[in-house]
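So that the names make sense, note that chain A is the first sequence line, chain B the second, and so on, each numbered from 1. No hydrogens, no waters, no symmetry mates; every other heavy atom, side chains included, goes into these values. Source: prediction; values computed, not measured.
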Protein chains: 2
Amino acid sequence: MSTRSDIVAVSDTLIREKGYNAFSYADLAKTLGIRNASIHYYFPTKTDLAIAVIDRQLEKLNELISSVTDSDPLTQLEAYLSIYTHTREEGSVCIVGSLASDLYSIDERISNHLRTLVDEILLWVAGILERGQDSGVFHFTGSPRSRALLVVTNMLASLQLVRLTDNKNDFETIKEAVLKELTT
Amino acid sequence: MSTRSDIVAVSDTLIREKGYNAFSYADLAKTLGIRNASIHYYFPTKTDLAIAVIDRQLEKLNELISSVTDSDPLTQLEAYLSIYTHTREEGSVCIVGSLASDLYSIDERISNHLRTLVDEILLWVAGILERGQDSGVFHFTGSPRSRALLVVTNMLASLQLVRLTDNKNDFETIKEAVLKELTT
DNA sequence: GTCTATAGCAGGATAGAC
DNA sequence: GTCTATCCTGCTATAGAC
């Protein structure tokens with residue numbers, strides 16, 4: 001992997017672990033075995049770095065969407081939920097939840113980028129739910145978008161709550177309840 | 001009000017607005033019209049201050065619980081949901097969501113205190129749901145605790161998401177969906 | 001492209017006068 | 001209890017050698 005993508009990958013992990021304002025170029029330099037100034041060569045400002053992290057998440061999301069584009073709605077929903085399973089295993093939260101907490105202390109260019117990511121997630125999930133409803137796999141009241149809001153908030157906050165309840169089962173409980181609710 | 005409680009109140013607001021690591025003694029001093037050093041007189045360290053903020057939230061929660069202790073489950077649930085309506089109007093997030101994002105960059109004494117708050121919220125909500133189920137007002141599958149996890153995560157993350165979707169209705173949509181789901 | 005060195009600033013915190 | 005003054009540390013960021 002290139003130095004550039006290594007920097008982005010480590011930044012991603014650190015932001016989601018400690019929070020945007022707590023992670024520093026010094027953390028990155030230490031982890032990557034390079035110097036502070038080298039990071040600035042690739043990313044002049046911390047804002048540039050945060051935007052690259054969000055772009056990385058956007059790319060990963062688009063790859064996931066593409067990989068299940070021909071699958072049935074249930075498989076697609078499970079693909080969406082699997083994102084959080086992976087993040088949960090790291091003990092981290094998702095980038096949306098992490099940056100949303102710091103929203104009014106970060107550069108507007110970051111929050112605008114984040115908005116793009118959120119919109120894409122909501123559109124994708126709402127689409128999955130709608131197709132699932134049409135084909136009779138999913139059952140729910142309200143619009144697909146409002147249902148997507150419920151599903152996304154469940155998953156987003158589960159990562160944050162489970163860090164505090166210390167009950168390893170809570171995450172699985174929430175995930176299964178979300179699935180069960182839609183399929184029965 | 002005393003200087004001490006003013007400091008705690010402003011800290012509370014700032015942490016939930018900007019995030020724990022972004023808010024500073026300088027912010028407080030400016031807002032309150034006092035000096036940095038005066039705040040240290042009441043709260044020697046930032047950790048002390050964060051703990052006082054969580055204690056404040058615990059007190060407010062206990063007052064709310066007491067105020068509806070003789071009410072029916074639906075009224076109690078609405079009381080719980082009203083916490084977030086108020087926070088939503090400020091454009092802030094809740095203290096649990098805010099600090100959970102920074103969890104691995106804050107003093108352990110803060111996270112331990114936060115855990116107490118989370119446990120109390122979950123116990124209260126699960127109790128409300130259970131009594132509502134027994135009296136036939138609420139209908140849901142799974143244990144009261146797992147249902148409480150769904151409700152709490154919906155509300156917690158709704159504050160964070162709505163900051164990004166810019167759709168003012170999203171918060172109300174989520175809140176009403178939570179209520180409707182339980183009562184039908 | 002990576003380094004050393006350092007500027008410049010803001011953060012949390014303390015000493016001591018009033 | 002509140003102030004002025006100050007310390008120390010860590011941060012983002014830059015200049016310039018290699």
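- Listed here is the closest heavy atom pair of A/L49 and A/S11: CD1-OG, 3.4 Å.
- A/S5 and A/S2 share a donor-acceptor pair across their side chains, judged by distance under 3.5 Å alone.
- When all heavy atoms of A/Q76 and A/V68 are compared, the closest pair comes out as NE2-O, 2.8 Å.
- No side-chain donor-acceptor contact under 3.5 Å links A/E90 and A/T13.
- Rounded to an integer number of Å, the gap from A/K30 NZ to D/dG10 P is 11 Å.
- Rounded to whole Å, the distance from CG on A/L49 to C1' on D/dA13 is 13 Å.
- Residues B/Y20 and B/K46 approach most closely at O-NZ, 2.9 Å, considering heavy atoms.
- Dashed line: the shortest gap from a side-chain N or O of A/T3 to OP1 or OP2 of C/dG1 is not under 4.0 Å.
- Ring geometry for B/H40 versus B/Y25: interplanar angle under 30°, hence parallel rather than tilted (30 to 60°).
- Neither OP1 nor OP2 of D/dT2 sits under 4.0 Å from any side-chain N or O of B/Y41.
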* Asked: What is the per-nucleotide protein-contact pattern of nucleotides 4-18 of chain C, from the 5' end, where B denotes a base atom under 4.0 Å from a protein heavy atom, S denotes such proximity for sugar-phosphate atoms only, and - denotes neither?
  -> B------SSBBB---
